[in-house]
Amino acid sequence: MRKSLFCFLLCILTGCSSLQWTSDITPDDDSIFNMLNETTSEGQSWNFEVRKNAEFELPDTLRPCCAFGTDHKVQLGALPIPLITLANTVSIEDIGSHSYNASAFTKSSFKQKHRSDKENNGLIYTKRGGFLDMAHVRDTADLTIALFYFFYENLGQEKTVNLRKELGEARIKLKKFDRSKFSKKEIWFLASNLAARKAYQMAVAHEISQWHGYRSIELFDETVSAYSPEDLYSNLLGAKIASNIINNKLAFSSESFNKHMTVWLAKTLQSLEPVSKDETNRLLKEVDGTWWDSSKRLPSKELVIKRNYNLSSNQAPLLVPSVGDEKKAVTIRLSNFLYGMNLDEIANYSFDVDLRYQSSFSHIPKSIWKNGITSDEFSVIVKYDEIEDIKFFKKIKKGH
């Protein structure tokens, strides 16, 4: 039991593998010719040759995220674990420097003044963006960067990138089209916008996977985190930050990305008006009993009461009523169209449902998921899941 408990707690505190990505971006011959023969340069060339390391892999795990709430009590199976609580809030001063594909103990290659060189993730409340989960922001940012390099190199070709497995095998399939109709700058922006959109869809699929029984750690039931109120806004925010870093040509290496992600993340949080760690804790306690239930222990699903079933790429923040100002709320969006192209048509995301998880889809018509699930089915699946959650919490309420 002690060994199992140790592994359980260690898994909560540890995160992803230490895989690193590398890229090789070089100017083309025309750029070198212009540099040598022109007296001035605008410094806005888009004529890059972008190549990836042949062994490049997307991150295959996620950072440890936080169940909504704070000072959580824990149980292992039906056994309560005394004297242990998990505090999971942070202040903007404590979030640390970004490190691509980080684990809980990974140090960044960049340390900002007055900021730790190790990531310190958790929940933080912002007056304009509600509660944010730093692990979700960072994970989707990393996915966006990795997908960008694949898309930039392969747009216009029929290509498939295989993704990490959760409920089943997952992949993104690129559709063939005439790439020559677009300038290199347009291909760059198509790739960055497409990367942000597909990274966000992967985050949505993770919420669905958690609801339907996926566990990154077998001992730890993750249904408590499925459709958690802060997750998708955080994911979408990470995708937007990374896409803008790409478009500003600030991610030509992992060191450069870590540096600029650290700065952009801090600036974004400042714009959303973060509160102190103590105030975040106070606000979480204010919604105790309506958004979450502190009397429940992790990983009980009953701990999180309020859920976000809006899976679209248009996310509004959930503000605490006592401090919320809807006029100040920042709704964030990702477009599905660019240069007349439907991004979901040129890149299709889908995943399979393995036999071990199929029983969790018994409340959903089999025709929707039996041949795999695409992003088009997300909105249908979440409606069925929401109905089941309503039944679940009504039953719990009656039991009391």
From K198, R138, M202, Q201, residue fulfilling side-chain contact (heavy atoms from CB on, under 4.5 Å) relative to L143: M202

Can a salt bridge be assigned to the pair K391 and E388 using a cut-off of 4.0 Å between side-chain N and carboxylate O? yes

According to a 4.5 Å side-chain heavy-atom criterion applied to Ile, Leu, Val, Met, Phe, Trp and Tyr, with indirect links allowed, do I368 and I208 form part of one hydrophobic cluster? yes

Step by step, would you call L123 with L132 a side-chain contact (heavy atoms from CB on, under 4.5 Å)? CA-CA 6 Å; L123 296 177; L132 300 175; over 6 Å; no

Would you please test K159 and E153 for salt bridge (charged side-chain N to carboxylate O under 4.0 Å, His left out) and show each step? CA-CA 10 Å; K159 287 278 188 176; E153 182 179 17; over 6 Å; no

Shared hydrophobic cluster for L232 and V380 (ILVMFWY, side-chain gaps under 4.5 Å): yes

side-chain contact (heavy atoms from CB on, under 4.5 Å) between V353 and I373, intermediate numbers included: CA-CA 8 Å; V353 179; I373 296 170; 3.8 Å; yes

State yes or no: are the ring centers of Y357 and Y214 separated by less than 6.0 Å? no

Using a 6.0 Å cut-off, check whether atom NZ of K173 has over 12 heavy atoms from anything other than its own residue. no

Would a hydrophobic clustering, with Ile, Leu, Val, Met, Phe, Trp and Tyr connected at side-chain separations under 4.5 Å, put F337 with L334? no

Under a 4.0 Å N-O cut-off, is there an ion pair linking E119 with R63? yes

Indicate yes or no: at least one non-hydrogen side-chain atom of K301 is less than 4.5 angstrom from one of D221. no

Taking all non-hydrogen atoms of both residues into account, name the closest pair between D142 and H98 and its distance. OD1-NE2, 2.8 Å

Is it true that the NZ or CZ of R179 lies under 6.0 Å from the centre of F151's six-membered ring and within 45 degrees of the ring axis? no

In plain terms, say whether K259 and E255 are close enough for a salt bridge, that is, a side-chain N and a carboxylate O under 4.0 Å apart. no

Which residues pass the ring-ring contact (aromatic ring centres under 6.0 Å, His included) test with Y309, sequence neighbours left out? Y227

Any donor-acceptor N/O pair, H212 side chain to S360 backbone, under 3.5 Å: yes

Please find the pair of heavy atoms, one from I145 and one from A251, that lie closest to each other, and give the distance. CD1-CB, 3.9 Å

Side chains of N121 and I95 in contact at under 4.5 Å (non-hydrogen atoms): no

Let's go through D325 and R128 carefully: what are the C-alpha distance in whole Å and the side-chain angles of both, what is the deciding distance for salt bridge (charged side-chain N to carboxylate O under 4.0 Å, His left out) to 0.1 Å, and is it a yes or a no? CA-CA 8 Å; D325 182 352; R128 305 183 69 202; over 6 Å; no

Step by step, work out the side-chain contact (heavy atoms from CB on, under 4.5 Å) result for L155 and K176. CA-CA 8 Å; L155 274 180; K176 188 174 182 179; over 6 Å; no

Name the residue from N247, I187, T144 that meets the side-chain contact (heavy atoms from CB on, under 4.5 Å) definition with S192. N247

Working note: S295 + D293, criterion side-chain hydrogen bond (donor to acceptor under 3.5 Å, both in side chains); need CA distance, chi angles, decisive distance, verdict. CA-CA 5 Å; S295 70; D293 185 350; 2.6 Å; yes

Measure from the side-chain N and O atoms of S253 to the backbone N and O of S256, and report whether any donor-acceptor pair falls under 3.5 Å. yes

Do W369 and H363 have ring centroids that are under 6.0 Å from one another? no

Here's a test for you: under ring-ring contact (aromatic ring centres under 6.0 Å, His included), which of W292, F68, Y233 qualifies with F131? F68

Could you walk me through whether E377 and T374 satisfy the side-chain hydrogen bond (donor to acceptor under 3.5 Å, both in side chains) test, starting with their C-alpha distance in whole Å, then the side-chain angles of each, then the deciding distance to 0.1 Å, before giving a yes or no? CA-CA 6 Å; E377 278 86 47; T374 70; 2.8 Å; yes

Less than 4.5 Å apart, any side-chain heavy atom of L298 and any of L303? yes

Which residue is it: K165, R171, K370? I am looking for the one with a side chain to side chain donor-acceptor pair (under 3.5 Å) to D352. R171

Are the side chain of N308 and the backbone N or O of N310 linked by a donor-acceptor pair below 3.5 Å? yes

Under 4.5 Å between any side-chain heavy atoms of M261 and I245, yes or no? yes

Would you say the side-chain atoms of T140 pair up with the backbone N or O of A239, donor to acceptor, closer than 3.5 Å? no

Flag, side chain of E222 to backbone of S216, donor-acceptor distance under 3.5 Å: yes

Kindly say whether K240 contributes a backbone atom to a donor-acceptor pair with the side chain of N244 at under 3.5 angstrom? yes

Can a side-chain donor-acceptor contact be found between S312 and N314 if the only test is distance below 3.5 angstrom? no

Is there a salt bridge (charged side-chain N to carboxylate O under 4.0 Å, His left out) between R356 and E218 once you walk through the steps? CA-CA 13 Å; R356 65 177 293 193; E218 277 301 321; 3.6 Å; yes

Which of these passes side chain to side chain donor-acceptor pair (under 3.5 Å) with R197: S313, S375, S335, S243? S313

Where A203 and N235 come nearest, the two heavy atoms and their spacing: CB-CG, 3.4 Å

Check whether any side-chain N or O of S234 sits under 3.5 Å from a backbone N or O of D133 as a donor-acceptor pair, and report yes or no. yes

Joint hydrophobic cluster, W211 plus I387, side-chain heavy atoms closer than 4.5 Å: no

Test your reading of the model: is there a side-chain donor-acceptor pair from S300 to the backbone of K296, 3.5 Å cut-off? no

Output yes when K277 and D94 qualify as a salt bridge under the 4.0 Å nitrogen-oxygen rule, no when they do not. no

Less than 4.5 Å apart, any side-chain heavy atom of L343 and any of N193? yes

Looking only at atom types and distance, does a side-chain atom of E273 sit under 3.5 Å from a main-chain N or O of Q270, one as donor and one as acceptor? no

Evaluate side-chain contact (heavy atoms from CB on, under 4.5 Å) for E302 paired with F392, printing each intermediate quantity in order. CA-CA 9 Å; E302 301 168 51; F392 173 81; 3.8 Å; yes

Should F150 and L174 count as side-chain neighbours, where that means a heavy-atom distance under 4.5 Å? yes

If you define the side chain from C-beta out and look only at heavy atoms, does anything of E166 sit under 4.5 Å from H206? yes

Kindly give the heavy-atom pair with the smallest separation between D231 and S225, and that separation in Å. OD2-O, 3.3 Å

Specify whether F378 and Y349 have parallel, tilted or perpendicular ring planes, treating 30° as the upper limit for parallel and 60° as the lower limit for perpendicular. perpendicular

How about L237 and L272: do any of their side-chain heavy atoms sit closer than 4.5 Å? yes

Is it the case that one hydrophobic cluster holds both W291 and I305, taking links as side-chain heavy atoms less than 4.5 Å apart, direct or via other members? no

Is the side chain of E186 donor-acceptor paired with the backbone N or O of S183 at a distance under 3.5 Å, no angle test? yes

Dump the intermediate steps for side-chain hydrogen bond (donor to acceptor under 3.5 Å, both in side chains) on Q210 and T223, then the final yes or no. CA-CA 5 Å; Q210 288 180 311; T223 55; over 6 Å; no

